[in-house]
Amino acid sequence: MKLTGKPQLVSIIKERIKREGKISFRDFMDMALYYPELGYYTSPQEKIGGLGDFFTASELDSAFGELLGKQFAEIFYKLGSQNFQVVEIGAGKGYLAHDILKYLKENKPEVYSHLTYYIIEKSPYHIKLQKEILKPFEVVQWKQDIIDFEDNSITGVVFSNELFDSFPVHVIRKINGKIYELFITLDEEDNVKEVVDEAPEEILRYIKELNIKIPEGMQTEINLDAVQYIQKIAKKLKKGYVITIDYGYPSAELYKPYRMRGTLLCYYRHRYSENFYENVGMQDITSHVNFSALKYYGMIAGLDFTGFTDQAHFLTNLGLMEILEQLQERDDLEAFERLNRLKTLVLPKGMGEKFKVLVQHKNVEEPSIKGLEMMPYISDRYRL
């Protein structure tokens, strides 16, 4: 397989492979997505929206941010703290932050007056975009990493929308009853060649601790970076909630036999493929989130489990149907277009069912929240 994409990045990856003999798929994915100034997420290129490679819920309509703002306001009153912090990890263009802050400033001035809104962002390109769109809101501050917070310093909400799916993953295969990890090397013609080696102890421990049953012949993903990150978040949170919105499943559903190739996909100009070694640095590479892992390793680090639902139920609980009803009463083109966009957020088999919401809490006596009031039918897709 020929390695193609940004010439400088391709050259850097090849040089590392030649130097080390082989690298894990996880390390290749990390370089393809996050290599300084050349990786997909760290370079100044359009990624989100019509001119990019994918859409997010915040791109579709401001109601998504408004409803999250409503949920954060409830949490503010529940926590009873005068210093309320909202930490958004990976804010993209800043649209979601804008819609949340606009709602709070106009509808919940008491919450807004006690708020500091932090954005964790490493990309200089995205920080520039965010600072431009968020000029009206004086409560916004930026940090590069969650570790930049002191331990037990956050009182409020740490949340993300489509964060963990973009973490680099280890790829494994089960061959003759044994777990192997996928590595890449170069052949004599300088092309990429996949090879396997025995999986390290940390991958085997992950599989054992989560009681994952890997079918014979399956190739799938193990996201150890997500384990480390949810534990970092837990360490920084003093009191409040962690809300994770992303696509994925619990372990029992994620590793079913009908997913023998796993969930790893590339997105390039709104088309998906499994051509991981093409368009390197120019295309997104993602995998589905294992929400059982976030729950389990979060609990070990001090995060209690609040609830797990899908995006449709979460937004409906917060008042999306009322917004839809108001739009239906109007007779204009803008209302019609908004109705169609909002339906995308809740329709079965679409974003409403595909995207899940995991809520965890720390040091909260009565943790129930509005977004989790009505829960979906319990099946393997929701049983953590």
Side-chain angles (χ1 to χ4, degrees), residues 22-30 146-147 160 163-184 194-237 242 244 246-265 276 285-309 356-362 378-384:
K22 66 178 188 289
I23 63 173
S24 66
F25 184 89
R26 183 260 168 219
D27 288 350
F28 161 75
M29 184 173 170
D30 185 48
I146 190 70
I147 63 174
S160 61
L163 172 72
F164 288 99
D165 67 84
S166 65
F167 281 16
V169 294
H170 296 267
V171 175
I172 62 167
R173 291 176 183 169
K174 189 171 186 179
I175 305 171
N176 297 325
K178 193 170 183 179
I179 301 296
Y180 293 86
E181 182 174 7
L182 183 69
F183 291 79
I184 64 173
E194 295 182 344
V195 296
V196 296
D197 204 346
E198 291 188 14
E201 178 59 31
E202 57 186 343
I203 288 178
L204 300 178
R205 185 168 58 248
Y206 177 100
I207 294 170
K208 181 180 179 180
E209 288 178 343
L210 293 174
N211 195 29
I212 297 171
K213 309 299 181 185
I214 306 291
E216 177 66 30
M218 172 179 271
Q219 174 172 301
T220 189
E221 309 88 34
I222 301 293
N223 194 336
L224 297 181
D225 285 57
V227 172
Q228 297 168 5
Y229 206 81
I230 195 67
Q231 293 183 325
K232 288 177 183 177
I233 293 173
K235 195 174 183 181
K236 304 305 177 181
L237 185 67
V242 179
T244 303
D246 218 320
Y247 49 88
Y249 299 106
S251 295
E253 176 66 25
L254 190 60
Y255 299 103
K256 285 281 179 73
Y258 47 76
R259 291 196 178 87
M260 293 300 287
R261 288 285 298 171
T263 67
L264 202 62
L265 286 175
F276 312 119
I285 310 176
T286 77
S287 67
H288 281 45
V289 174
N290 184 350
F291 284 101
S292 296
L294 296 183
K295 176 193 174 185
Y296 177 80
Y297 291 106
M299 289 183 71
I300 289 175
L303 295 178
D304 293 316
F305 175 65
T306 319
F308 182 62
T309 187
K356 310 298 190 303
V357 183
L358 172 65
V359 183
Q360 296 158 288
H361 65 274
K362 185 177 181 182
I378 297 299
S379 66
D380 281 350
R381 294 193 170 206
Y382 298 98
R383 188 178 292 110
L384 296 181

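At least one side-chain heavy atom of V169 sits less than 4.5 Å from a side-chain heavy atom of L264. Between D304 and K362, the closest side-chain pair of non-hydrogen atoms is not below 4.5 Å. Two residues are said to be in side-chain contact when any heavy atoms from C-beta on lie closer than 4.5 Å; D225 and R26 meet this criterion. Counting only heavy atoms from C-beta outward, the side chains of K178 and N176 never approach each other to under 4.5 Å. Looking at heavy atoms from C-beta onward, M218 lies out of side-chain contact with P257 at the 4.5 angstrom threshold. The shortest side-chain heavy-atom distance between D165 and H288 does not fall under the 4.5 Å cut-off. Annotation: side chain of L182 is not in contact with side chain of I172 (no heavy-atom distance under 4.5 Å). Put simply, the side chain of T244 reaches to within 4.5 Å of the side chain of L294, judged on heavy atoms.
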Worked check of side chain to side chain contact (heavy atoms under 4.5 Å, CB included) between Y229 and I146: CA-CA 9 Å; Y229 206 81; I146 190 70; 3.7 Å; yes
Could you walk me through whether V242 and V359 satisfy the side chain to side chain contact (heavy atoms under 4.5 Å, CB included) test, starting with their C-alpha distance in whole Å, then the side-chain angles of each, then the deciding distance to 0.1 Å, before giving a yes or no? CA-CA 6 Å; V242 179; V359 183; over 6 Å; no
Which is it for Y249 and K356 under the side chain to side chain contact (heavy atoms under 4.5 Å, CB included) test, yes or no, and what are the steps along the way? CA-CA 8 Å; Y249 299 106; K356 310 298 190 303; 3.7 Å; yes
Assess whether side chain to side chain contact (heavy atoms under 4.5 Å, CB included) is satisfied between K22 and V195, documenting all intermediate values. CA-CA 9 Å; K22 66 178 188 289; V195 296; 4.2 Å; yes
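In this structure, F276 has its ring center closer than 6.0 angstrom to the ring center of F25.
A distance of 9.0 Å separates CZ of F164 from CG of L358, quoted to the nearest 0.5 Å. To the nearest 0.5 Å, the span separating OH on Y297 from CD1 on I230 amounts to 13.0 Å. Between atom CG of residue D30 and atom OG of residue S24 there is a gap of 9.0 Å, rounded to the nearest 0.5 Å.
Side chains of Y206 and N290: a donor-acceptor N/O pair is present below 3.5 angstrom, by distance only. When only modelled atom types and interatomic distance are considered, Y247 and T286 share a side-chain donor-acceptor pair under 3.5 Å.
The environment of CD in E209 is crowded: more than 12 heavy-atom neighbours from other residues, nucleotides or ligands sit within 6.0 Å. For K235, the NZ atom sits in a loose shell: 12 or fewer heavy atoms of surrounding residues, nucleotides or ligands are nearer than 6.0 Å.
Ring orientation note: the planes of F291 and F308 are tilted relative to one another, at an angle of 30° to 60°.
Judged by distance alone, the side chain of K174 and the main-chain N or O of I179 form no donor-acceptor pair under 3.5 Å. Proximity of a side-chain donor or acceptor of S292 to a complementary backbone N or O of S251 within less than 3.5 Å is detected.
A salt bridge does not link R205 to E202: none of the charged side-chain nitrogens sits closer than 4.0 Å to a carboxylate oxygen.
With respect to R173, the salt bridge (Lys or Arg N to Asp or Glu O under 4.0 Å) criterion is satisfied by exactly one of E194, E221, E198: E194.
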